[in-house]
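Read through the structure below, which is laid out as structure tokens, and then see the notes.
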Amino acid sequence: MKHRFMVRAMFVLLAAVSLTLACFLKSPIGQVLLCGALFVLFWVYVRHLRKAAETERKHLLESIQRTASATLGHHRHDWMNDLQILYGYIQLRKIDKLADCVERIKGRMAVESKIARLGIPALVFYLQSFREVNGSVQLEVDIEDELQLDSLLTIEEAEELTEAIVESVRVFQFNGRSSWGETLQLKISMYREGGEVLVRFDQIGSTGNQEALARHIDEGITGMRIRADRGDAENGSLRLRVSCGKINEVNACL
């Protein structure tokens, strides 16, 4: 970031100096040469910007690929553990424990399927790769059956909801723990209520200052279509609300 700022500052400075000299040069040849130098300077700057943008895209793509690869590795590791447990029960002939193990696997598969059906790629990737990039937070996700956000929210609303969820988790991560060594247990519930999509955050175990958490979340979603409120006062849950823009558009046309 500092290097990028210095390059832009040097370009602006050289351009200003060149324009200043052009005002004092009376020779047409000198003015032509100066204009040519300015053109070359501008071309070099454009090439630098394109190269920097390409490098940034490459690094971003590599980061996403590493995260995706690590996420798949975690899922593969989980499946291998489940298979080993099942195989162990079969070898020990503990048939009565097989049903519970299979139900646990089915439950996890159902959650992964619900996440995949949300229809917002950025949100799906964030939730599915969360364990890889946020080791200090143990996240539990509960999604209403058949919830498809892409059919309820506009593109802008979906982007803002994803940003608000990421920001809210970050607020819990840095403000919801009593000590840095503690692993935060957080449950996210997504469901539809009337003409709104609600995302509820419930902190399991010891909770931080709920008023401070709510204030930080309000600050993080300032300017968005997302609204935050206190959910169950007894449990200290916090909720994000967003109106279903696509449904409202359909209703307006009826």
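This one's a predicted model, so the numbers in the text were calculated from it and none came from an experiment.
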Taking side chain as C-beta onward, heavy atoms only, is [X] less than 4.5 Å from [Y]?
X      : Y      : value
Thr162 : Tyr126 : no
Val137 : Arg170 : no
Glu163 : Met224 : yes
Arg57  : Glu54  : yes
Glu167 : His216 : no
Ile143 : Val111 : no
Leu123 : Met190 : yes
Phe130 : Val141 : no

Shortest non-hydrogen contact between [X] and [Y], atoms and distance:
X      : Y      : result
Ile217 : Ser168 : CG2-OG, 3.7 Å
Gly119 : Val124 : N-CG2, 4.3 Å
Leu149 : Val197 : CD2-CG1, 3.7 Å
Leu147 : Arg192 : CD1-CB, 4.3 Å
Leu240 : Ile165 : CD1-N, 4.1 Å
Glu157 : Gly245 : OE1-N, 3.0 Å

Item to complete: For the pair Arg241 (side chain) and Ser243 (backbone), establish whether a donor and an acceptor sit closer than 3.5 Å, ignoring hydrogens and angles.
Response: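 No; judged by distance alone, with no hydrogens or angles, the pair does not exist.
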
Worksheet item: Do the side chain of Ser113 and the main chain of Met109 share a donor and acceptor less than 3.5 angstrom apart?
Response: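 A pair under 3.5 Å: no.
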
Item to complete: May I have all residue pairs that pass side-chain hydrogen bond (donor to acceptor under 3.5 Å, both in side chains) and include part of residues 90-100, sequence neighbours excluded?
Response: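 Counting only pairs at least two positions apart or across chains, the side-chain hydrogen bond (donor to acceptor under 3.5 Å, both in side chains) contacts touching residues 90-100 are Tyr87-Gln91.
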
Discussion item. For residues 109-122, which residue pairs pass the salt bridge (charged side-chain N to carboxylate O under 4.0 Å, His left out) check, not counting sequence neighbours?
Written reply: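 Residue pairs with at least one partner in residues 109-122: Lys114-Asp145.
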
Fill in: Presence of salt bridge, Asp82 and Arg108, under 4.0 angstrom
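Yes.
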
Practice prompt. In plain terms, say whether Asp229 and Arg227 are close enough for a salt bridge, that is, a side-chain N and a carboxylate O under 4.0 Å apart.
Written response: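 No, Asp229 and Arg227 are not salt-bridged.
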
Discussion item. Other residues, nucleotides and ligands only: do more than 12 of their heavy atoms fall within 6.0 Å of CD1 on Ile155?
Written reply: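 Open: at most 12 neighbouring heavy atoms sit under 6.0 Å from CD1 of Ile155.
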
Discussion item. If hydrophobic residues (ILVMFWY) are linked whenever their side-chain heavy atoms come closer than 4.5 Å, directly or via other members, who joins Leu198 in its cluster?
Written reply: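 Hydrophobic cluster check, Leu198: joined to Tyr191.
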
